[in-house]
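Before any comments, here is the structure.
Values below: every heavy atom of this structure, side chains too, minus hydrogens, waters and symmetry copies.
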Amino acid sequence: LMEAVLQADEAIFLWINQWVGTSHLFDRVVQLVVSDYLVPVVFSLVLLGLWFGWRGQDMRERHQRGVMLAGIGVGIASAAVMIINHYYFRSRPFDVHEVKLLFYTPTDSSFPANPMAVTFAMATGALVANRRIALAMYVVASIYGLSRVYAGVFYPLDVVGGALIGVATTRLVQYLLKAVEPVPTLCLKVVRFLCLA
C-alpha cells in the first residue's frame, strides 16, 4: 500500500512539474513565491502586527495569546521535523527524477516539508487571534506549498506531511498552554511590564 501511495505521489509531482517552462511570467511569479524569505517574512510581519497593532483589552489579549502560540508552535513543529528527519530520509524529487527546477537544490530530507510545518504552525497560532487573517494565511501557505512542488523541490505528500505537523503540534501546544495556566498569563504580564507588548 505504501509503495502505491509513493508512486501516486511521484506521478502527481511529475504531472505538476511538467508545466514548468510553459509560461515565463508564471514561472517568475512562482520563483518569487517559493523564496525562503517572502512568505515566512510576510507571516512574521502579520504576527508582529497582531502582537502590537490592536486596541481594546480583550482583542489585545486574544491576539497576543495567538502570537505566543504561533511562536511556540513553530519551535515545536521544527523540532518534530528534525526528529523525523533523523529517523527517515526521503530523497528530493530532483535527486530521483528529471526535474525542471525553479529553485536551488536543498540537501535535507524531502519529507516532511519544514517550510510547510513552519507556515502552517504560524497560521494555526493566528487562528486563536483572528480567524480571517488565519484563513488568509492558510491559503497563502497552501499556495507556498504547491509552488514548492511545481518548482521541483518537494513531493505533494511532503507538503501535506509538513502542514499536518505544523497544525498538529501547534494544537498540542494550545492544549498544553491551557493546562499550565496561569503561566502563559504571567508571561504576557511580564512582557507587558517590560513594554514589549
Who passes side-chain contact (heavy atoms from CB on, under 4.5 Å) against [X], sequence neighbours left out?
X    : value
P40  : Y144
Y37  : S35, V41
V74  : S78, V118, A121, M122
A163 : F120

Would you check if [X] and [Y] make a side-chain contact, meaning some heavy-atom pair closer than 4.5 Å?
X    : Y    : answer
V39  : T119 : yes
D158 : P112 : no
L188 : E61  : yes

### Pairing residues for D108 by the salt bridge (charged side-chain N to carboxylate O under 4.0 Å, His left out) criterion, not counting sequence neighbours
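Partners of D108 under the salt bridge (charged side-chain N to carboxylate O under 4.0 Å, His left out) test: R92.
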#### Entry: Nonpolar side-chain network containing L172, other nodes, edges under 4.5 Å
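L176, listed by chain and number.
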### Message
Clusters formed by hydrophobic residues whose side-chain heavy atoms approach within less than 4.5 Å: which one holds V160, and what are its other members?
### Response
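Besides V160, the hydrophobic cluster comprises L164, listed by chain and residue number.
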### Task
Scan for side-chain hydrogen bond (donor to acceptor under 3.5 Å, both in side chains) pairs involving residues 161-180, sequence neighbours excluded, and state none if there are none.
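Sorted result for residues 161-180: R171-Q174.
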### Contacts of Q18 that satisfy side-chain hydrogen bond (donor to acceptor under 3.5 Å, both in side chains) - sequence neighbours left out
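Per chain and number, Q18 pairs via side-chain hydrogen bond (donor to acceptor under 3.5 Å, both in side chains) with no residue.
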### Message
Could you report the tightest heavy-atom contact between F103 and R148, atom names first, then the distance?
### Response
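Looking at all heavy atoms of both residues, the closest pair is CZ-NH2, 3.6 Å.
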### Task
Please report the closest heavy-atom contact between S91 and V96, naming both atoms and the distance.
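Closest heavy-atom pair between S91 and V96: CB-CG2, 3.8 Å.
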Show me, pair by pair, the donor-acceptor contacts under 3.5 angstrom made by side chains of residues 3-10, not counting sequence neighbours?
from : atom 1 : to   : atom 2 : distance (Å)
D9   : OD1    : L157 : N      : 2.9
D9   : OD2    : R90  : NH1    : 2.9
D9   : OD2    : R90  : NH2    : 2.9

### Task
Name all residues meeting the ring pair (Phe, Tyr, Trp, His ring centres under 6.0 Å) criterion together with F26; count only those two or more places apart in sequence or in a different chain, and write none if there are none.
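Here the qualifying residues are Y150.
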### Query
Excluding sequence neighbours, so at least two apart, what forms ring pair (Phe, Tyr, Trp, His ring centres under 6.0 Å) with Y155?
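In terms of ring pair (Phe, Tyr, Trp, His ring centres under 6.0 Å), with neighbours along the sequence ignored, Y155 is linked to F13.
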